[in-house]
Amino acid sequence: MPYFDVSIPLKLKTLTYCYDEDIDLKGYAVKVPLKNKVVEGIVINKTEKPENLVQIREIQQIIGKAYEEKFIDFLKWMSFHYVSEIGSVLRATFFEEIMKILKEIKIKKSSRKIKESIPFQLKDYSLNNETLSKIIEIATKGIFKTFLVHCPNFLYEMKLMVETVKGVSSLDGAVLLIVPEKRDAQRLYSSIKELDSRVVLLHSEMPRSEILYSIKEIIENRVKIIVGTRFAVFAPVKKLSLIMVSQESQWVYKEEQSPRYHARDCAVMRGFIEGCPVILTDFMPSTTSYFNTLIGKYEFIDDFNRLKHPEIKILRQPYQYIFHPETLLYLKLYHKEGILISCPRSGYSLLRCGDCGEVIKCEKCGISMTFQKSTKKMECFRCGFSMTVPELCPNCSGVSVYPVGVGIERVKEELKNIFSDKQTEIKDIEIETEEFQGIWVGKPERAKKGILSVFKGVVVVDFDFFFFIPDYRILEKAFAKVLLLSQMIKENGTMFIQTRNPGNEFFKFIRSYNFRDFYLYELKHRQETGFPPFTRLIKLAVKLKKTASVVSIDKIKNFLKSKVSGELLGPLKNEDEFVFILRSRDKKKLIDELNKAVIELNTFKGISFKVEVDPVNLKI
DNA sequence: AGCACGCCGACT
DNA sequence: GTCGGCGTGCTC
């Protein structure tokens, strides 16, 4: 009798069932008994009779073909690469929708009112036709290859997507377009809808009924273009001609729940499995992707200089005042034409003790607290803890506490001193606005990638803020932030970056938009310190249950040490979890070994654990 | 002692 | 996810 591995959409490994007919059931939805219930699952592969099992139960019913065989291979890769049960992978891949459609449960015609978004304004952009024809050519050939296109800004990426869609419309398969956020997906959807109505939208904030509608359109082959956010990478299209991922460096592509997949990496693997090209784009490609172009894994296309970029000036951040004399002059000359001042924090400043040199930190979460001059209070922006300014330094009881660092409140105070004429408006940045004259103050996070060429100048004060963030990717993120802000500057405008450390090599690269040398510098550093792309990091959080007195965390640590080569850091305790970081230069082997170790870990009594491959942050 | 509740592990 | 087993602890 033939045997089949069946995956059930639970946190559960595949289970083996038998069936009396010997047919190829890979990708079929079936009904199988589980304990005293009957549940639905997917046949993953044909298998041999498991030796150790006495009783094997029978597949009760075949519902129909749910997934393409190649898609099942993709699921298997996901399960292996992200070290998670194949059942939980299944749950992430539109299983419910596909089952509903398969069982022809009547789908109530939802009102289908996708809120119309404003299409992107793309007319003025001239694309590099060579890039476009390269993409169309490879899509026509229908082979796997990954390109990394360095674009001058976000709209160029959107235009590239729209024009590519036009160029490949006669091809057989569908095009999958992945963007970071819901809002981008809605706008791109509207832009494409104008040219081709055979497009569907997929983002996770859509009502389930609308997602179901999109999936039904895809399965029933009425769709040529899919626009969506990260989970759209699982769209059940029969044939793909091309996958494009914009803003590939963005960490929103990482799913926070198990399986903690990265949509860009999944897109590349899906392209490989399905045999179609994958186009990654960004105006600040991730160091990892750039590295992949150096080792020949991806092909690099440099379109960054298709647009002119503003001059960037690096100036020394004064201590007593906020603005460097050159910045100040520029402000006085051009403030009517619109200047944005980007400031790392709200409030007035941080406070530092003159005796011990320590910045006052939140007693709850340990990060620097911001001082509000108007209320004489200190606040922690992460946990919301607030207190009155202490009279003595909490660290050394010193008496000479003074403000350091620049906050929005302090910038506004100084601007009011400079422009005492009262005619100069000082406004908090509102992205909804249409006109950008006057002086605007805001945090760099408020810079939005769709807002281009609106200010005469941008001033970044107290840039050094970035250097204190403990994140191995902070330089590429800081560079990306600078670029985002620079894109908001009109032609002939200027960008000023004020730093206490203008001699830092990092600014040489920024000032000249020298990406190649920046990446080489950054890669050298990552190689020396042992960070990706030269190593793989995996976070493993272990929980000891109440009855786990038999197992100690040391036992688990020793077990992991014996099973997994490379470094084992930790455990650090976080509430009821013990968190380990695994790190190895042999990236493939690490995943291999961890998958094997996890099978044994499952046999430990009284523990539970979570795995995160390529974690978003290393903080516990 | 008897039962209720909640935790834990197994599910082919 | 969900059910059954079992241990803890409360009450009659």
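This one's a predicted model, so the numbers in the text were calculated from it and none came from an experiment. Reminder, nothing fancy here: chain letters follow the sequence lines and each chain counts from 1.
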Over how many whole Å does the gap from [X] atom [atom1] to [N] atom [atom2] extend?
| X | N | atom1 | atom2 | value |
| --- | --- | --- | --- | --- |
| A:I44 | B:dT12 | CD1 | P | 18 Å |
| A:N602 | B:dC8 | CG | P | 15 Å |
| A:K11 | B:dG9 | NZ | P | 12 Å |
| A:K543 | B:dG9 | NZ | P | 13 Å |
| A:K545 | B:dG9 | NZ | P | 4 Å |
| A:I56 | B:dT12 | CD1 | P | 11 Å |
| A:Q60 | B:dT12 | CD | C1' | 13 Å |
| A:K31 | B:dT12 | NZ | P | 18 Å |

What nucleic acid atoms does A:D5 come within less than 4.0 Å of, heavy atoms only: base, sugar-phosphate, or nothing?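 The residue A:D5 makes no contact with any strand.
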Quick one, [X] and [Y] - any side-chain contact, counting heavy atoms below 4.5 Å?
| X | Y | answer |
| --- | --- | --- |
| A:K254 | A:Y261 | no |
| A:S368 | A:F468 | no |
| A:I63 | A:K31 | yes |

B:dC8, B:dT12, B:dA10: which one has an atom nearest the side-chain heavy atoms of A:R57? B:dT12
First contact, last contact: which nucleotides of DNA chain C are these for chain A, 5' to 3', heavy-atom distance under 4.0 Å?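 Contact span on the strand: C:dG1 to C:dG4.
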Between A:N36 and A:L10, which is nearer to the 5' end of DNA chain C once each is assigned its nearest nucleotide? A:L10
[X] (side chain) donor-acceptor with [Y] (main chain) under 3.5 angstrom:
| X | Y | result |
| --- | --- | --- |
| A:E255 | A:Q257 | yes |
| A:T535 | A:G530 | yes |
| A:R583 | A:E567 | no |

Centre of A:W251's six-membered ring, under 6.0 Å away, within 45 degrees of the axis: is that where NZ or CZ of A:R473 sits?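 Yes - A:R473 lies over the ring of A:W251, closer than 6.0 Å to its centre and within 45° of its axis.
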Indicate whether OP1 or OP2 belonging to B:dA10 is found under 4.0 Å from a side-chain N or O atom of A:K13.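 For B:dA10, OP1/OP2 do not have a side-chain N/O of A:K13 under 4.0 Å.
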